Amino acid sequence: MEILLYVSAIIAALSLLLIAIFIVITLKNAKQTMNEVSETLKRVETKIGGITEETEKLMNKTNQIAENAETKLEAFNGLSQSAKNLSSSSNYLNESIQSVSNQIKTPPEQHVKIMKQASILTEVLARAYYRFQQADTKKSPKENRNKQLKRLPEPQKQIEHRN
């Protein structure tokens, strides 16, 4: 029976030896796997670092574009306000011109008489001037052959007046 004890002790020792060998092999494989995982993590960190740098650059450009867009939007708002002011100014100018035009078209009663007299006086003076030129042309036709006399246009319409 003693032999059985020795044999079982040898089997137990061999079993422990095999377990130790398998543990060593497993630890070597685990170490190799851990090294590969460590290298993979380093590569991932490097790539993430590059991505982070690119993301920061992109964020900076995005912020610059946003600031530029905001500046241009403010300038456009100023331009838009100027256009609105220009529109109201042009409306005011149109109203003023229309008002002056209406005042000229239909002057007050007190000015109609003076305007008619001024018109008659200018017409008489112009006709006298042109007759004088015609008389001068008839006296010396050789000198004034190439000159043509201008005629006064006929009045187009009478001035209306307000009551």
Side-chain angles (χ1 to χ4, degrees), residues 19-137 143-163:
I19 290 176
I21 291 173
F22 284 123
I23 287 176
V24 168
I25 291 172
T26 304
L27 286 176
K28 281 185 178 183
N29 286 337
K31 183 179 179 182
Q32 183 180 2
T33 304
M34 289 301 285
N35 286 338
E36 289 174 2
V37 167
S38 176
E39 287 178 24
T40 304
L41 281 176
K42 286 179 185 177
R43 284 185 294 202
V44 167
E45 284 177 357
T46 305
K47 288 183 180 182
I48 287 177
I51 291 172
T52 303
E53 288 177 17
E54 291 297 319
T55 303
E56 287 176 3
K57 288 178 185 177
L58 183 61
M59 286 298 292
N60 289 335
K61 282 188 179 185
T62 303
N63 289 338
Q64 288 175 350
I65 290 171
E67 289 173 5
N68 191 10
E70 187 176 325
T71 304
K72 288 181 180 179
L73 184 61
E74 289 173 4
F76 182 74
N77 286 340
L79 180 64
S80 172
Q81 187 64 34
S82 295
K84 287 179 185 176
N85 292 342
L86 179 63
S87 174
S88 62
S89 296
S90 66
N91 287 339
Y92 178 74
L93 180 63
N94 286 340
E95 289 172 5
S96 297
I97 290 173
Q98 187 65 36
S99 173
V100 168
S101 174
N102 287 338
Q103 287 177 356
I104 291 172
K105 182 179 176 184
T106 56
E109 184 68 34
Q110 62 191 23
H111 298 292
V112 171
K113 185 177 179 182
I114 295 171
M115 290 172 72
K116 284 183 180 180
Q117 289 174 349
S119 177
I120 291 170
L121 180 62
T122 352
E123 188 175 334
V124 168
L125 289 174
R127 287 180 191 231
Y129 174 74
Y130 286 124
R131 281 190 186 147
F132 176 73
Q133 272 193 339
Q134 280 180 344
D136 190 34
T137 325
E143 295 174 10
N144 295 321
R145 267 189 203 159
N146 295 332
K147 292 184 182 178
Q148 295 181 354
L149 291 177
K150 294 181 181 176
R151 294 206 164 255
L152 227 137
E154 294 296 322
Q156 293 181 353
K157 72 177 189 178
Q158 293 292 328
I159 297 174
E160 300 172 9
H161 60 84
R162 285 187 261 167
N163 291 331

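Values in this document were obtained by computation on a predicted structure and should not be read as measured data.
Note that the CG atom of N68 and the CD1 atom of I65 stand 8.0 Å from one another [nearest 0.5 Å]. Taking CG from N91 and CG from L86, the interatomic distance works out to 9.5 Å, rounded to the nearest 0.5 Å. Between the OG1 atom in T40 and the NZ atom in K42 there is a gap of 11.0 Å [rounded to 0.5 Å]. Taking CG of N94 as the start and OG of S99 as the end, the distance is 12.5 Å to the nearest 0.5 Å.
Considering only residues two or more places apart in sequence or on other chains, E36 meets the side-chain hydrogen bond (donor to acceptor under 3.5 Å, both in side chains) condition with none of them. For V37, the side chain to side chain contact (heavy atoms under 4.5 Å, CB included) partners are T33, L41, not counting sequence neighbours. With sequence neighbours left out, the side-chain hydrogen bond (donor to acceptor under 3.5 Å, both in side chains) criterion links T46 to no other residue. Scanning for side chain to side chain contact (heavy atoms under 4.5 Å, CB included) contacts around I48 gives V44, T52, with sequence neighbours left out. For R131, the side-chain hydrogen bond (donor to acceptor under 3.5 Å, both in side chains) test picks out no residue, with sequence neighbours left out. Contacts of I21 classified as side chain to side chain contact (heavy atoms under 4.5 Å, CB included), with partners at least two apart in sequence or in another chain: L17, I25. Listed by chain and number, the residues in a side chain to side chain contact (heavy atoms under 4.5 Å, CB included) with N35 are K31 (sequence neighbours excluded).
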Enumerate donor-acceptor pairs with a distance under 3.5 Å from any side-chain N or O in residues 54-63 to protein atoms, sequence neighbours excluded.
residue : atom : partner : partner atom : Å
T55     : OG1  : I51     : O            : 2.7
N60     : ND2  : E56     : O            : 3.4
T62     : OG1  : L58     : O            : 2.7
N63     : ND2  : M59     : O            : 3.3

Show me the side-chain donor-acceptor pairs of residues 73-84 shorter than 3.5 Å, one per line, residues at least two apart or across chains.
residue : atom : partner : partner atom : Å
N77     : ND2  : L73     : O            : 3.4
S82     : OG   : G78     : O            : 3.0

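Remark: the backbone N or O of F22 is paired with a side-chain donor or acceptor of T26 at under 3.5 angstrom.
Judged by distance alone, the side chains of Y129 and Q133 do bring a donor and an acceptor atom under 3.5 Å apart.
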